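Atoms within a ligand are numbered from 1 in the order they appear, just like the ligands themselves. The structure presented is a predicted model; accordingly, all values stated were derived computationally and were not measured.
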Amino acid sequence: MKRREMLCASAALMGCAGLLPARIWAQDSLALGQARLDILSDGQLLLPGDFITRSMPQEELAPIAARHALSPYEFEPPCNVTLLRDGPRKVLFDIGAGQDLMDSVGHLPQALAALAVDPAEITHLVLTHAHPDHLWGLLDDFGDPFLPNAEMLIGVGEYEYWMRPETITEMGMLREHFAVGAQRRLGRVQDRLRLFADGDEILPGVLAIGTPGHTPGHMSFHLHQDGQSVMVLADAFDNGHVAFERPHWHSGSDHDPALAAQTRQSLLSRIMAEDVPVIGYHLPGNGLGRVEQRRDGTHVFRPKSG
Ligand SMILES: [Zn+2]
């Protein structure tokens with residue numbers, strides 16, 4: 001048995017034994033012209049309750065937190081990986097957290113198995129940014145690429161930022177392992193990386209939108225086909241509550257909070273102007289939904305389900 005078959009077999013075995021979380025993969029799918037989008041769950045992060053809200057104005061935050069039933073103790077955002085199947089192309093947007101981050105994430109291999117998609121069939125991996133919950137699933141337990149045949153695409157600014165030797169020291173003790181982890185993984189697949197820039201049509205019907213701030217080279221994507229479109233936001237909106245209700249507030253998860261807030265506001269205008277459905281990596285209800293404007297001018301994310 002080859003290594004990969006063994007990994008797949010053990011993933012299937014775990015599924016049979018009922019050791020997986022209840023939600024292995026999201027049920028949501030969306031037709032996009034002739035293509036099909038599925039949203040797969042890599043699991044969910046377990047973070048402190050004030051992880052993103054600690055620097056926000058607490059009095060103004062209180063009614064928003066109450067409206068969205070936010071726990072002051074835990075923040076447990078889902079991790080929603082998008083799979084685009086378009087003719088001969090099978091494209092993943094991000095690759096999940098793998099086994100080295102926390103136990104509650106790293107379930108993408110089982111999610112793919114549940115959809116009967118072999119990792120060897122994936123033709124392209126598009127990385128939105130190089131944070132652990134989006135990148136660390138790149139290598140399997142043997143240190144080999146989990147996707148043996150995929151071309152891998154990442155924004156040039158994001159790649160250059162994480163590969164600079166200084167980034168490790170600049171990150172500070174709490175996050176330096178983010179940089180070490182990114183360098184090791186991106187370095188391992190260097191021979192099949194393709195770098196792209198803001199505004200590039202990286203694949204037919206997949207347009208890159210530079211959305212810096214969450215990380216220096218963070219990218220979102222506009223997917224379009226036969227007059228239909230959807231935006232893959234990744235972490236430009238890192239939650240389904242304050243990010244939409246108060247996009248100008250600074251989030252604790254952003255590398256450059258002021259730039260990220262600016263990015264959110266301009267992206268929000270574009271989403272409303274184009275009236276386009278969105279998929280967010282950490283948005284609730286499987287991440288797929290629409291953004292609506294309330295009478296008071298604030299915005300709200302309405303999940304398709306969940
Ligand atoms: Zn994330």
Carboxylate-amine/guanidinium proximity below 4.0 Å for K90 and E121: yes

- request: Could you tell me which non-hydrogen atom of W249 sits nearest to which non-hydrogen atom of R264, and how far apart they are?
  value: O-NH2, 2.8 Å

task: Could you tell me whether D200 and R194 make a salt bridge, using a distance below 4.0 angstrom between a side-chain N and a carboxylate O?
output: no

- prompt: Any ion pair linking D86 and R36 (charged N to carboxylate O, less than 4.0 Å)?
  reply: no

task: Quick one: list whatever passes ring pair (Phe, Tyr, Trp, His ring centres under 6.0 Å) with H177, sequence neighbours left out.
output: none

- line: Within the 2.8 Å cut-off the protein N, O or S neighbours of the Zn ion (ligand 1) are D133 OD2, H134 NE2, D235 OD2, H282 NE2

task: Measure up the H129 and H134 rings against each other and bin them: parallel (under 30°), tilted (30 to 60°), perpendicular (over 60°).
output: tilted

